[in-house]
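Bear in mind the structure is a predicted one, so any value in this text is a computation, not a measurement. Just so you know, ligand 1 is whichever comes first in the structure, and atom 1 is the first atom listed for that ligand.
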Amino acid sequence: MSESKPSVLVVCLGNICRSPIGEAVLKHVAKERGLDLTVDSAGTSNYHIGEDPDDRSVAICRKFKVPIKHSARQVQADDFRKFTHILAADEANLRNLNRVKPRDATAEVRLWGSYLDNEPIADPYYGGMASIWFYSCKKDFEEVYHQCVKLSNAFLDEVVGKSTQGVE
Ligand code: 4NP
């Protein structure tokens, strides 16, 4: 269990789909547990800097009444000194994080899934074939949301302790 207040950066590629959902869900779950936690998100790429979360990310959070508000940004060297934990959505982003990690990094950089089942959060940005694109993406975003709820609880169980109440 950590002594200092944890501060968490959730990281994916574009910072418009998975990590803004992860940020919103982790904030929500921590609040429901009565925890004081700093949570932000960022992308390893610069593709969408300044953009709002994807409409499908907003829709899924709205469905479960979880507030989501973020402006996409790229991970910076200072993030590795500022945050206690940096959580990568998948292995490719974990590799990219380790590539840009400064020598004096203090953050623990891990696959978010390593707190539960070692599974990555699959990229939902591109769906399947064009004709079913919208529907397959909707399903993918719903899966991302539920995975973020499970991963938020697993992360808080390990880092803050199991003594607080979980959220379904
Ligand atoms: P995210 O999804 O990494 O979950 O935000 C993506 C968003 C945009 C792109 C790829 C993944 N893109 O290639 O533009």
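In this structure, of Val11, Val144, Asn93, Leu13, the residue bringing a heavy atom nearest to atom 10 (C) of ligand 1 is Leu13. Between Asp123, Ile121, Thr44, Asp54, it is Asp123 that holds the heavy atom closest to atom 11 (C) of ligand 1.
Ring geometry for Tyr145 versus Phe64: interplanar angle under 30°, hence parallel rather than tilted (30 to 60°).
Hydrophobic clustering, with ILVMFWY side chains joined whenever heavy atoms are under 4.5 angstrom apart, keeps Tyr47 apart from Val11.
Shown in contact with Gly14 at under 4.0 Å from a heavy atom are these atoms of ligand 1, numbered in order with element: 1 (P), 3 (O), 5 (O). Taking every heavy atom of Ile16 and a limit of under 4.0 angstrom, the matching atoms of ligand 1 come to 5 (O), 7 (C).
A heavy-atom distance below 4.5 Å is found between the side chains of Pro102 and Arg81.
With salt bridges taken as basic N to acidic carboxylate O contacts below 4.0 Å, one links Arg18 and Asp90. Using a 4.0 Å cut-off between a side-chain N of Lys or Arg and a carboxylate O of Asp or Glu, Arg33 and Asp157 qualify as a salt bridge.
The nearest protein atom to atom 14 (O) of ligand 1, hydrogens excluded, is given as His48 NE2, 2.8 Å; this is a heavy-atom distance. The protein heavy-atom contact nearest to atom 12 (N) of ligand 1 is Tyr125 CE2, 3.6 Å. Scanning the protein for heavy atoms near atom 1 (P) of ligand 1, the closest one is Cys12 SG, 3.4 Å.
The CZ atom of Arg73 lies 13.5 Å from the CG atom of Asn46; values are rounded to the nearest 0.5 Å.
Only the backbone of Asn15 comes within 4.0 Å of ligand 1, counting heavy atoms alone; no side-chain atom from C-beta on gets that close.
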